[in-house]
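Notes follow once the structure below has been shown.
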2 protein chains.
Amino acid sequence: MGLTIGDLGKATSTKVETIRYYERIGLLPKPVRTAGNYRAYSEADLDRLSFIRRARDLGFPLEQVRELLSLSDDKSQPCAAVDRITSAHLRDIDRKIGDLLALRSELSRMLTTCRQGTIADCRIIETLGPALP
Amino acid sequence: MGLTIGDLGKATSTKVETIRYYERIGLLPKPVRTAGNYRAYSEADLDRLSFIRRARDLGFPLEQVRELLSLSDDKSQPCAAVDRITSAHLRDIDRKIGDLLALRSELSRMLTTCRQGTIADCRIIETLGPALP
DNA sequence: CTTGACCCTGTAGTTGCTACAGGCCCCATA
DNA sequence: TATGGGGCCTGTAGCAACTACAGGGTCAAG
């Protein structure tokens, strides 16, 4: 009866150490222990961990996962808070995508100017180096 | 004579602690010290730090910055190694962009299904929650 | 001569895990 | 019944790349 920490790990593709870490930071409740001091988990724990993992896979940082969890614990609350968190996360991702695209074009511009000579006249190193006087 | 660590920080938009950190991990050489034990930097140090910051701004991780620095120190080396590092970084960025775009579309799909009701029937929470039986 | 801005060292915190070390526990097999 | 191997336990330290103190020293202006 009860799932071991290894069972939970397998079921959610989560490393055992990560589960203990989630417990330590209070994302997962401390489970009951068996006579031999093993953690014994319930289906509810499995659901909660699955929730965490799905949110993490979607890139939510742990603090936002924490908020989403506490929202999902209170079903009568309005949905607006969830919407707010998700929108904020989306804006964050959009900003990151923008940054990366800018980087990407800069790097690929640098690459096209690299003429396979020596470092002495490498345009990439030149770009990184000090401004010419 | 010589630049203080604060001067260097201002000139490169780098926090003083970060400069000391770069010194500790061997990215920047240990500078000479004044009578009062202050670090005194040269223009060459400023150039080197600028190089580091530019590479960091382009998203190169410190280990790759280290490689680029040692390449730029040996001007007779072929440029191919620089090209290789830059290309690898570019592939990395492309992968990240792909990941983020996938996330983005998932999140925005979730948002469009959120109907501003209560948590009880919030589609976002539902998506994160356990599979229905 | 004091004030305030800067500098020094050393250590601990951040995020989200991951990897030990050194030791229990449990089950199956011989 | 002994034993071997897996899995579990706690606690600590490590990763990137900084950042933030605490508790002091130094320097230039007023």
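Chain letters run A, B, ... following the sequence lines, proteins first and then strands; every chain starts at 1. A quick note: this is a predicted structure, and the numbers were derived from the prediction, not measured.
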Inset, instruction - Would you kindly say whether B/Asp83 and B/Ser87 are connected by a side-chain donor-acceptor distance under 3.5 Å? - result: yes
Inset, instruction - Answer whether the closest heavy-atom distance between the side chains of A/Phe51 and A/Asp47 falls below 4.5 Å. - result: no
Legend entry - Flag side-chain contact, heavy atom, 4.5 Å: A/Leu46 against A/Ser50: yes
Inset, instruction - Determine, for B/Asp73 against B/Arg48, whether the closest basic-nitrogen to carboxylate-oxygen distance falls under 4.0 angstrom. - result: yes
Send over the distance from [X] [atom1] to [N] [atom2], rounded to a whole Å.
X: A/Asp7; N: D/dG6; atom1: CG; atom2: P; result: 17 Å
X: A/Gln64; N: C/dG16; atom1: CD; atom2: C1'; result: 14 Å
X: A/Asp92; N: C/dT15; atom1: CG; atom2: P; result: 14 Å
X: A/Ile25; N: C/dG13; atom1: CD1; atom2: P; result: 16 Å
X: A/Ile19; N: C/dG16; atom1: CD1; atom2: P; result: 17 Å
X: A/Ile5; N: C/dC26; atom1: CD1; atom2: P; result: 16 Å

Inset, instruction - Taking all heavy atoms of B/Cys79 and all of A/Cys122, pick out the closest pair and write down the distance. - result: SG-SG, 2.9 Å
Let me have the donor-acceptor pairs involving side chains of residues 95-104 of chain B, under 3.5 Å, with sequence neighbours excluded, atom names and distances please.
{"unit_1": "B/Arg104", "atom_1": "NH1", "unit_2": "A/Asp94", "atom_2": "OD1", "d": "2.6"}
{"unit_1": "B/Arg104", "atom_1": "NH1", "unit_2": "A/Asp94", "atom_2": "OD2", "d": "2.6"}

Inset, instruction - Establish, with yes or no, whether the OP1 or OP2 oxygen of D/dC8 is under 4.0 angstrom from a side-chain nitrogen or oxygen of A/Thr4. - result: yes
Legend entry - Phosphate OP1/OP2 of C/dC8: any B/Arg39 side-chain N/O under 4.0 Å: yes
Legend entry - Per-nucleotide protein contact string for nucleotides 14-30 of chain D (B base, S sugar-phosphate only, - none; heavy atom under 4.0 Å): ---BBBB----BBS---
